[in-house]
Amino acid sequence: MRPAQSLPIRALQFDGLGQRFGDTSPWLFRGLSAKFLGGERCAIVGPSGSGKSTLLSIVAGWLDPTEGTVEQEGLERVQWVFQNPHGVARRAAIDHVALPLLAAGARIATADAEAAEICAVVGLSHLTDRRPFSMLSGGEAQRLMLARALAVKPDLLLVDEPTAQLDRQSAATVNSAIASIGAAGGIVLIATHDPDTAAACDRIIDLAEFAAVSA
Ligand SMILES: Nc1ncnc2c1ncn2[C@@H]1O[C@H](COP(=O)(O)OP(=O)(O)OP(=O)(O)O)[C@@H](O)[C@H]1O
Ligand SMILES: [Mg+2]
C-alpha cells in the first residue's frame with residue numbers, strides 16, 4: 001500500500017563530470033557519475049587541491065563543469081556553508097537563525113524557540129546573544145552559518161570543511177549535528193578532510209579515485 005503522504009522527490013545526479021582549469025591543465029577529476037536522493041549525506045574527500053570546493057561550486061551553479069552534467073529534481077531550497085562566514089554585524093547570533101524561520105511565516109516566539117534549539121545542536125547555546133564578527137570566533141561564526149542553513153530546512157545543503165577551524169569537542173558537536181540533519185529529507189554534500197565528518201555521512205566520494213583516470 002502507498003503511504004497517504006509521500007515525501008517530495010529530491011534528487012541530484014552527476015553524469016560524467018570532469019573539471020580542469022584551461023585546455024592544457026591536468027584534470028582535477030573526470031568521469032564522476034553519482035546519484036543522490038533526499039535524506040542522503042555524502043562526504044566529498046580527497047587531498048588538498050583535488051577539487052572538493054570546485055565540485056561544490058559546480059553543484060551550487062557558480063561554475064560550469066568542463067564536461068558532464070549536473071541534473072536536479074525538487075531542489076528548491078539550496079543552502080551553502082562555505083569557509084568565509086558572513087552575517088549582519090549589528091544583529092545577535094540567534095537573529096541570524098531566527099530570520100529564515102520568520103521569513104517562512106513562524107511567529108516570533110516560535111522562531112526564537114526553534115532557533116535556540118538549532119543553536120544548541122551546533123553547540124552555540126551559550127553564544128546566542130553575541131554579535132557575529134565582532135564577538136564570535138571564526139569557527140563559531142561558521143557554526144552559526146551552519147545553524148542558519150539548517151533553519152531553512154534546505155532541499156540541498158552544501159558545506160565546505162565544517163570542522164577545519166574547530167577544536168576536537170566543537171568538531172564532535174558539529175559532526176553529531178551532521179549525523180542528524182539527513183533526517184529532514186534534504187541532500188547534504190560536505191567537503192571534508194575530517195574522517196569523523198566522513199563517518200557521520202552515509203557515503204563517501206573520494207576525488208582521488210577520479211583523478212586517476214585523468215589523461
Ligand atoms: N578559478 C580557478 N582558476 C584556476 N584554478 C583554480 C580555480 N579554482 C580552483 N583552482 C585550482 O583547482 C584546484 C582545486 O581547488 P579546490 O579549491 O577545489 O581544492 P580542494 O580539494 O577544495 O582543496 P582543499 O582541501 O585545500 O580545500 C587547486 O589547485 C586550485 O588552485
Ligand atoms: Mg576546499
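Both ligands and their constituent atoms are indexed starting at 1 by order of listing. In what follows, every heavy atom counts, from backbone to side chain, and hydrogens, waters and symmetry copies are set aside. Here the structure is a predicted model, which means the values were calculated and not measured. FYI, the numbering just counts along the sequence from 1.
Under a 3.5 Å cut-off, the side chain of Thr128 and the backbone N or O of Leu124 do not form any donor-acceptor pair. For Asp160 (side chain) and Ser53 (main-chain N/O), no donor-acceptor pair under 3.5 Å exists by modelled atom type. Checked by atom type and distance alone, the side chain of Asp202 pairs as donor or acceptor with a backbone atom of Arg41 at under 3.5 Å. Thr66 places a side-chain N or O within 3.5 Å of a backbone atom of Arg20 that can act as its donor or acceptor partner. The backbone N or O of Ala106 sits nowhere less than 3.5 Å from a side-chain atom of Thr110 that would complete a donor-acceptor pair. In terms of modelled atom types and a separation under 3.5 Å, the side chain of Gln142 and the main chain of Gly139 share no donor-acceptor contact.
Within ligand 1, counting atoms from 1 as listed, the ones closer than 4.0 Å to a heavy atom of Pro47 are 21 (O). Of all the atoms in ligand 1, the ones that sit under 4.0 Å from a non-hydrogen atom of Glu161 are 25 (O), 27 (O). Each of the atoms 12 (O), 13 (C), 14 (C) of ligand 1 lies under 4.0 Å from some heavy atom of Leu28.
Given atom 17 (O) of ligand 1, the protein heavy atom at minimum distance is Ser53 CB, 3.7 Å. Protein heavy atom in closest approach to atom 26 (O) of ligand 1: Ser48 OG, 2.6 Å. The closest protein non-hydrogen atom to atom 18 (O) of ligand 1 is Thr54 OG1, 2.6 Å. For atom 23 (O) of ligand 1, the closest non-hydrogen atom of the protein is Gly49 N, 2.8 Å.
Taking a distance limit of 4.0 Å, we find that atom 9 (C) of ligand 1 is approached by some protein heavy atom. Using a 4.0 Å threshold on non-hydrogen atoms, atom 31 (O) of ligand 1 does not count as touching the protein.
The side chain to side chain donor-acceptor pair (under 3.5 Å) test with Glu40 is passed by exactly one of Arg10, Arg203, Lys35: Arg203.
Residue Leu56 is not grouped with residue Ile204 when hydrophobic side chains (ILVMFWY) are merged at heavy-atom distances under 4.5 angstrom, including chains of intermediate members. Clustering ILVMFWY residues whenever any of their side-chain heavy atoms sit less than 4.5 angstrom apart, transitively, puts Ile118 in a cluster other than the one holding Ile108.
At under 3.5 Å, not a single nitrogen or oxygen of Phe21, backbone or side chain, sits near a nitrogen or oxygen of ligand 1.
The shell of residues lying under 4.0 angstrom from ligand 1, judged by heavy atoms, excludes Gly46. Ligand 1 has Ser50 within reach: a non-hydrogen atom of the residue lies less than 4.0 Å from it.
Nearest approach of Gly16 to Ser33, heavy atoms of both residues: N-OG, 2.9 Å. Contact between Ala115 and Ala98 at its shortest, heavy atoms only, is CB-N, 3.8 Å.
Connectivity analysis of hydrophobic side chains (ILVMFWY, heavy atoms under 4.5 Å, direct or indirect) links Leu37 to nothing; its cluster partners are none.
Within the sub-2.8 Å shell of the Mg ion (ligand 2), the protein contributes these N/O/S atoms: Ser53 OG.
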